[in-house]
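A short worksheet on the structure shown next.
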Protein chains: 2
Amino acid sequence: MRAADPLHALSGDPGPVCRCCEADDHSVCASLTPEGLRGLRVIRGNARIGAQDAVFHEGEAAEAVYSLTSGTVKLSKLLGDGRRQIVGFVFPGDFFGFDAEGTYPYTAEAITPVGVCRFSTSRLAQLRSQTPELERLLFGRLVADLALAQEQMLLLGRMTAREKVAHFLLTLSRRAVRRNDPASPVALTMSRQDLADYLGLTIETVSRTITQLKRDGLIALVRPELVDLTDADALRRVAEGGGSD
Amino acid sequence: MRAADPLHALSGDPGPVCRCCEADDHSVCASLTPEGLRGLRVIRGNARIGAQDAVFHEGEAAEAVYSLTSGTVKLSKLLGDGRRQIVGFVFPGDFFGFDAEGTYPYTAEAITPVGVCRFSTSRLAQLRSQTPELERLLFGRLVADLALAQEQMLLLGRMTAREKVAHFLLTLSRRAVRRNDPASPVALTMSRQDLADYLGLTIETVSRTITQLKRDGLIALVRPELVDLTDADALRRVAEGGGSD
DNA sequence: CGCAGAATTGAGACTGGTCAAAATTTGTGG
DNA sequence: CCACAAATTTTGACCAGTCTCAATTCTGCG
């Protein structure tokens, strides 16, 4: 094993496992062999970013790729007149900031205070070419991200407001289960405005739709940002375009 | 150089360069070294598929990845009640059919008669691990696809019908330029229904919007499927959410 | 020439957006 | 701990853009 390098010193050597990362078994880091991890750690920089601060902006030169260690990040694109579309939420263990054109295709902003690992694009490229395992893991992650984006395209293009909100709640619930959290009270870490910008709706419509689902007994609000999925089956039927219930 | 194997025999050995592929400099194949190409050719199967036929269906076991050699393919997702969203069009040189879950996340159908190269997922995985260059090229392609999907999310979630159609026409035009075709009369290889399913609109709204753009002098229809971009600048202004012109 | 499918046009309905106000929650300082 | 201010969320009334349903016109082809 190598001696600690300056970057380790800065953040304290986390040891053979990437302990700086809250993500569990499904993170790229967790799937890497100790050897692969070592390579990543060597080129890694750490940063803490406050809530509402940007990691990078759409159009900036893409000099680094990031992985999230804690908190939530939103990825968004802007139209000239301020209309915004959130193209994804990032959770611990996820990578973001890959680019095809040399500039970031979206803005990345912290929703909560977050911790990130920063990998310079060039150094990561070098490491990737030396570590086929890493390349393959990142590839798989990208494929999953693409499938997710396509799922969201179906939602944005073809679902009603009610279906969109139901689908989103269920997605959060499924994600919670994957992290071994309870399926039901679902935490909305993001604001109503972020929700609206993710679902292609206005904040008013999101609010009205939540009220409506509540009135119909499918959900209940423990707090505005904590939703109880009272009737998950009915919610599922709504999300799949199953009709009026 | 290796002797021709059965697959070559079937389709005629295309020689050191993948001549079976109409795609030019921007295809993955064209960027591969002769050596890398050789590996691809060995595991390649060829197929011709008639217009309107499916290459594979959403939900089927994903046993192969494809690259398009000629024609146009559409990728679509279905909702329970028949609502459809086209999540992408595939042009020669593009790969499609990657999956994260073991099943295809979308249906792939030929819009025109098409030629495809077929790569069994397992054999391609093996080749990828032996050919870092191939892996890197596919990775870059995926990143580009993801950026495209995110761009489309912005379109689906936040643009008006007029902006959607303008944006789509310009995208086709840009793509034509990249293939060294003229920017202006743009060919719509897909039906109005496909267009609607791609833009998250109904066929009627697409038709009305095209008529409106025509009336306003931004475009002219040479034929229903051949659009002249009379005023590309104005079109660009519309597509960027530039206002009423 | 006439038919079938595709595209366009028309009239009216409805979902979701806009603008405005009220209610609730959150944060801050006394 | 309370009071007040600011921000966020919810609710209301009205409007607009897009959809639905239906009819008409085009286009290609036997």
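Remember, it's a predicted structure, so these values are computed and weren't measured experimentally. To find a chain, count down the sequence lines: A is the first, B the second, and so on, and within it residues start at 1.
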Please check if the side chain of T121(A) supplies one atom and the backbone of E63(A) the other of a donor-acceptor pair under 3.5 Å. yes
Residues of residues 185-193 of chain A with a heavy atom under 4.0 Å from any atom of DNA chain D, listed by number, are S191(A), R192(A)
For the pair made of CZ in R223(B) and C1' in dT8(C), what is the distance, rounded to whole Å? 18 Å
Assign L221(A) to base, sugar-phosphate, or nothing according to its heavy-atom contacts below 4.0 angstrom with the strands shown. sugar-phosphate
Integer-rounded Å distance: dT25(C) P and I210(A) CD1: 14 Å
Determine, for nucleotides 10-21 of chain C in 5'-to-3' order, which nucleotides have protein heavy atoms under 4.0 Å from the base (write B), from only the sugar-phosphate (write S), or from neither (write -). BB----SSBB--
To the nearest Å, how far apart are L199(B) CG and dC19(D) C1'? 15 Å
Separation of dA7(C) C1' from Q212(B) CD (nearest whole Å): 17 Å
Audit row: F168(A), L188(A), side-chain contact (heavy atoms from CB on, under 4.5 Å) steps and yes/no: CA-CA 10 Å; F168(A) 180 72; L188(A) 304 179; 4.2 Å; yes
Any side-chain N or O of S207(A) less than 4.0 Å from the OP1 or OP2 oxygen of dT11(D)? no
Does D197(B) come within less than 4.0 Å of R158(A), counting only side-chain N to carboxylate O? yes
Decide yes or no for V73(B) and Y66(B): does some side-chain heavy atom of the first lie under 4.5 Å from some side-chain heavy atom of the second? no
Is there side-chain contact between Y198(B) and Q152(B), with heavy atoms separated by less than 4.5 Å? yes
Atom pair distance, as rounded to whole Å: CD in E225(A) and C1' in dT25(C): 9 Å
